[in-house]
> 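So that we are looking at the same thing, I have put the structure below in structure tokens.
Hydrogens, waters and symmetry mates play no part in the numbers below; they use all other heavy atoms, side chains included.
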Amino acid sequence: MNKRELLLNLLPGESPDSTIPAAFFLHFPPQFHRGAAAIEKHLEFFHATDMDFVKIQYEQPVAEWGQIETITDWAKIPRYDADFFAGMLLVADGLIKTSQAEALILMTLYSPFMWARRIAGDERLSQHIHENMALVQKGLETLTANVQSFVRACIDLGIDGFYASTQGGERHRFPDVRLFEAVVKPYDLIIM
């Protein structure tokens, strides 16, 4: 039984042996974020660690998403279709073609709030949430739509699943849970 079959057999609750699936995650240096180099590095890591599935690192550069400087920038976040994610989709397609017969292929997703943090920075994001939450929410809606475009494109390629990486629920970030309920949870739920 290969790794793919092993994990798929675990889903209905049947364990063919005493194996506990495991995986290890890290980001590769920038020279391994795109194209054939990224595909090869993912495969090298998968085989060297003997992971039970291939997890694709999400390496869409922050600069490509834009930057938030002023509160009004939240309303100007561009809407992107699948073409914007072509570099990441190429990596996904290459790993699906080379390894899907052997193992499940999972794509990492960054939540809309994680993208907001990356393009605005923690301090500015917090300030803007308190200054005009509705404008930040407008930006989060666009970021959510962008992530959904990426998800749909991955599904069209045949990806097996997603590893949803999310932030925002840390206790120190939102002492008032209502802020979490307004700027993190609804957008995470849409993606999930």
Side-chain angles (χ1 to χ4, degrees), residues 2-4 7 21-69 73-74 76-122 124-125 139-168 184 187-188 190-192:
N2 67 23
K3 291 170 187 275
R4 181 179 187 79
L7 288 181
F24 308 93
F25 311 145
L26 57 81
H27 289 277
F28 304 123
Q31 67 266 31
F32 302 110
H33 288 185
R34 302 287 185 170
I39 295 166
E40 291 170 20
K41 185 55 84 173
H42 278 83
L43 291 174
E44 175 189 322
F45 187 73
F46 169 68
H47 292 294
T49 60
D50 199 25
M51 292 178 12
D52 288 306
F53 57 87
V54 176
K55 179 188 163 286
I56 305 170
Q57 294 303 105
Y58 187 76
E59 302 293 2
Q60 189 83 27
V62 175
E64 293 179 6
W65 281 76
Q67 192 68 29
I68 299 294
E69 298 292 336
D73 290 340
W74 291 101
K76 300 174 191 172
I77 293 174
R79 177 71 176 84
Y80 295 119
D81 61 15
D83 291 340
F84 176 78
F85 302 100
M88 287 302 310
L89 294 171
L90 177 70
V91 174
D93 189 48
L95 290 167
I96 289 166
K97 287 177 178 169
T98 61
S99 303
Q100 197 167 45
E102 175 184 3
L104 293 176
I105 312 296
L106 306 181
M107 173 59 77
T108 303
L109 294 179
Y110 282 3
S111 70
F113 185 78
M114 286 178 70
W115 276 113
R117 287 186 62 222
R118 293 186 76 172
I119 63 175
D122 282 332
R124 185 174 291 131
L125 174 58
L140 285 165
E141 289 169 11
T142 303
L143 291 170
T144 301
N146 291 343
V147 175
Q148 287 177 302
S149 291
F150 180 63
V151 166
R152 285 186 198 100
C154 287
I155 291 169
D156 289 347
L157 287 175
I159 205 87
D160 290 305
F162 298 92
Y163 172 85
S165 181
T166 187
Q167 295 171 347
V184 178
Y187 308 102
D188 278 4
I190 290 168
I191 297 304
M192 290 179 193

> Starting at CD1 of Ile96, measure out to CD1 of Ile56 and round the result to the nearest 0.5 Å.
6.0 Å

> Enter the distance from Leu125:CG to Ile119:CD1 here, rounded to the nearest 0.5 Å.
9.0 Å

> Where do Leu90 and Gly35 come nearest, in terms of heavy atoms and distance?
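Result for this residue pair: CD2-CA, 4.0 Å.
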
> Nearest 0.5 Å, what's the CE-NE2 distance between Met51 and His42?
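If we round to the nearest 0.5 Å, Met51:CE and His42:NE2 are 8.5 Å apart.
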
> Please name the pair of heavy atoms, one in Ser99 and one in Val54, separated by the smallest distance, quoted to 0.1 Å.
CB-CG2, 4.4 Å

> Indicate the atoms forming the closest heavy-atom contact of Ala38 with Val91, along with that distance.
CB-CG2, 3.6 Å

> Distance only, no hydrogens: is a donor on one side chain within 3.5 Å (strictly under) of an acceptor on the other, for Glu59 and His27?
yes

> Do Thr166 and Ile191 have side chains that approach each other closer than 4.5 Å (heavy atoms only, starting at C-beta)?
no

> Just to verify, which of Phe32, Phe53, Phe28, Phe25 counts as forming a ring-ring contact (aromatic ring centres under 6.0 Å, His included) with Phe45?
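Checked Phe32, Phe53, Phe28, Phe25 against Phe45; only one passes ring-ring contact (aromatic ring centres under 6.0 Å, His included): Phe28.
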
> Which word best sums up how the rings of Tyr58 and Phe85 line up, parallel for under 30°, tilted for 30 to 60°, or perpendicular for over 60°?
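If you compare the ring of Tyr58 with that of Phe85, the planes turn out tilted.
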
> Please tell me if the side chains of Gln60 and Trp115 come closer than 4.5 Å, counting only heavy atoms from C-beta onward.
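Answer yes - side chains close enough.
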
> Rounded at 0.5 Å granularity, tell me how far CD in Gln57 sits from OG1 in Thr108.
5.0 Å

> For Lys97, is there an ion pair with Asp93 - N to carboxylate O distance below 4.0 angstrom?
yes

> Between Lys41 and His33, is there a side-chain heavy-atom distance shorter than 4.5 Å?
no

> So, the side chain of Asn2 versus the backbone of Ala101: is there a donor-acceptor pair under 3.5 Å, distance only?
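Such a contact is found between Asn2 side chain and Ala101 backbone.
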
> Please report the closest heavy-atom contact between Ile159 and Phe162, naming both atoms and the distance.
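Ile159 and Phe162 have their closest heavy atoms at CG2-CZ, 3.6 Å.
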
> Would you name the heavy atoms of Ser149 and Arg79 that are closest together and state the gap between them?
OG-NH1, 2.9 Å

> Roughly how far apart are Trp74 CH2 and Leu143 CG, rounded to 0.5 Å?
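CG of Leu143 is found 7.0 Å from CH2 of Trp74.
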
> Working to the nearest 0.5 Å, report the span between CG of Leu89 and CE of Met107.
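Reported to 0.5 Å precision, the distance equals 6.5 Å.
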
> Thr142 and Pro78: which non-hydrogen atoms are nearest, and at how many Å?
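Reported closest heavy-atom pair: CG2-O, 3.4 Å.
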
